[in-house]
Novice: 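Sharing a structure, written as structure tokens. Questions coming.
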Number of protein chains: 2
Amino acid sequence: MSQPLRIELDRSSPIPLYHQVAQAIQAAIEDGRLSPGELLENEISMATRLGISRPTTRQALRKLVDKGHLVRRRGAGTRVAPARIRRPLDLTSLFDDLSKSGKAPTTQVLEHATVAAPPEVATALDMPADSEVVMVRRLRLADGEPIALMTNYLPVGIAPTRDELESDGLYDCLRGRGVKPRIANQRIGARSASAAEARMLDEPPRAALLTMERTAFDEAGNAVEFGQHIYRASRYSFDTTFFAG
Amino acid sequence: MSQPLRIELDRSSPIPLYHQVAQAIQAAIEDGRLSPGELLENEISMATRLGISRPTTRQALRKLVDKGHLVRRRGAGTRVAPARIRRPLDLTSLFDDLSKSGKAPTTQVLEHATVAAPPEVATALDMPADSEVVMVRRLRLADGEPIALMTNYLPVGIAPTRDELESDGLYDCLRGRGVKPRIANQRIGARSASAAEARMLDEPPRAALLTMERTAFDEAGNAVEFGQHIYRASRYSFDTTFFAG
DNA sequence: CAGTGGTCTAGACCACTTA
DNA sequence: AAGTGGTCTAGACCACTGA
């Protein structure tokens, strides 16, 4: 531990104290003021120094452990986790993935229509058969190069417009409408491209494609989105981090 | 809420009280005594009924929320999460996956040798170049049908023997040695099978394969295992659940 | 407005690590 | 033996939901 981390707390803020503390420490880790493996101040000292109780301090540290940013060992202290075990984004978003890797993501909306939900879609979204849903098909590109062909189905109430989808990722659009996806079930597989798919994605015939099916839910368990996507395996792969419980 | 869940606590047990409570509730959810959407007793009443403090009760409930088994809303109570948003196993294990779906998994150990770590393996395991590691190649089958070809590299100290690997999954073997993988970084992609791969997996030439690279770490951040695996896309896909947050 | 979960406090004792 | 995090208690006040 070099020297105690400077943390400003605002007790009049609606943001919980433990969250302010966690944010401050996470920021310090992310901008390098705390290095991987570095020993942190112990929690009792941190609590008294910040003028908060020990349980509140613990709650902040626990959050960071859950996110994989800190490692704690009884008797041995709290350390910044090795960089390689940090958890990446929680809900995979192609748009964010591409932005972060320095590519310029663009979108062509191929279709945008209100349709009766096919049976498998109605099941996934937990709606009565033939309910109306918005169906969207998009071609996603990075630096002008096709990356993925995405088909999504959304409840009519929350579906973004065609224009919104041209400029932002689906999840950004949903957030803008106050919809917060919290849980997603994904199934990732692979298959060979059909002739039409190969043509659209600029791949050779029967090229290997990554496939992903996803159903997303908000915190109350309401289905928010169902998608069937195919990715060029030559240009894209899924990076995920798992924590054992 | 039908009627308060019967929970037996053992205060002399080394298992923490909050863990006993969480286990009891999770068991009730899993065997159907609590149904999806069902309202639970509120935490104050549960605390007094079980003779434990409210923070301890909260800790139990928080664990279950983190695992996706419960959904809580201020003012509205605690409910069992819809079945479809339950988190599956945390660290993907082919062996467990197959067992649960009623298949009989078997393993052929094709190679088992101590070798100098290739550069990319040394990097993944965070070891000096050319360190000795145990390399294992296995063919995994379900009901006698080939499913996956797996290549793993492990530090010599913890590597299971050939015999152990014939009868159990890798992660079971590691647990048996007291090694607890807690975090894994995975990269999932796809490509076409080589002639040799197609032959071993009983697939047509150039069939689409799922690929997975994984590095697993224990709680202290020590690398435990690095693997490069290929799966028959026609027989296998990855199911995962993500939590935002 | 009654009831719920969310936040926070100020202590206590214990198990484990390190030296 | 000293220091650390892990567990647990018994309260308090607040924000939000729903009838």
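Order of the sequence lines fixes the chain letters, A, B, ..., with proteins taken first and strands second; residue numbering starts at 1 for each chain.
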Novice: Between dG5(C) atom C1' and L39(B) atom CG, what is the distance in whole Å?
Specialist: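 Computing the L39(B):CG to dG5(C):C1' distance gives 12 Å.
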Novice: Do D218(A) side-chain atoms and N222(A) backbone N/O form a donor-acceptor pair below 3.5 Å?
Specialist: yes
Novice: Take atom CZ of R58(B) and atom P of dT9(D), then tell me their distance rounded to the nearest Å.
Specialist: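 In whole Å, dT9(D) P and R58(B) CZ are 15 Å from each other.
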Novice: How close or far is atom C1' of dG6(D) from atom CD of E43(A), stated in whole angstroms?
Specialist: 8 Å
Novice: Using a cut-off of 4.0 Å between protein heavy atoms and nucleotide atoms, how would you tag nucleotides 10-19 of chain D 5' to 3' with B, S and -?
Specialist: B-B--BBBS-
Novice: Can a donor-acceptor pair be found between the side chains of Q26(B) and K67(B) at a distance below 3.5 Å?
Specialist: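 Q26(B) vs K67(B): donor-acceptor pair found between side chains.
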Novice: What is the distance, to the nearest angstrom, from the CG atom on L50(B) to the C1' atom on dC8(D)?
Specialist: 14 Å
Novice: Answer with yes or no whether the side chains of R72(A) and T78(A) bring together a donor and an acceptor at under 3.5 Å.
Specialist: yes
Novice: OP1 or OP2 of dT4(D) versus the side-chain N and O atoms of N42(A): is any pair under 4.0 Å?
Specialist: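 The answer is yes; a side-chain N or O of N42(A) sits under 4.0 Å from OP1 or OP2.
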Novice: If you compare every side-chain N and O of R72(B) against the phosphate oxygens of dT4(C) (OP1, OP2), does one of them come in below 4.0 Å?
Specialist: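 No, R72(B) has no side-chain N/O under 4.0 Å of OP1/OP2 on dT4(C).
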Novice: What is the distance from CG of L61(A) to P of dG5(D), rounded to the nearest Å?
Specialist: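 So the two atoms are 8 Å apart, to the nearest Å.
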Novice: Any side-chain donor paired with an acceptor under 3.5 Å for Y153(B) and Q228(B)?
Specialist: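 Side-chain D/A pair, Y153(B) to Q228(B): absent.
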Novice: Within the distance-only criterion (no hydrogens, no angle test), does the side chain of R79(A) pair as donor or acceptor with the backbone N or O of G37(A) below 3.5 angstrom?
Specialist: yes
Novice: H19(A) has an atom NE2; how far is it from atom C1' of dC8(C), in whole Å?
Specialist: 16 Å
Novice: Can T161(B) and D163(B) be counted as having a side-chain donor-acceptor contact under 3.5 angstrom?
Specialist: no
Novice: Could you state the CZ-P distance from R79(A) to dT4(D), rounded to the nearest angstrom?
Specialist: 12 Å
Novice: What is the separation between atom CD1 on I44(B) and atom P on dG3(C), rounded to the nearest whole Å?
Specialist: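 The distance from CD1 of I44(B) to P of dG3(C) comes to 11 Å, rounded to the nearest Å.
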Novice: Ion pair present between E213(B) and R187(B), side-chain N to carboxylate O less than 4.0 angstrom?
Specialist: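 R187(B) and E213(B): not salt-bridged.
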Novice: Can we say E164(B) and R162(B) salt-bridge, meaning some charged N sits less than 4.0 Å from an Asp/Glu carboxylate O?
Specialist: no
Novice: Can a side chain N or O of T56(B) be found less than 4.0 Å away from OP1 or OP2 on dT9(D)?
Specialist: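 Yes.
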Novice: Using a heavy-atom distance cut-off of less than 4.0 Å, which residues of residues 8-18 of chain A contact DNA chain C?
Specialist: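 Those residues whose heavy atoms fall under 4.0 Å from DNA chain C, taken from residues 8-18 of chain A in numerical order, are R11(A), P16(A), L17(A), Y18(A).
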Novice: Who are the side-chain contact (heavy atoms from CB on, under 4.5 Å) partners of L9(B), not counting sequence neighbours?
Specialist: I7(B), L17(B), Q20(B), V21(B), L50(B), I52(B)
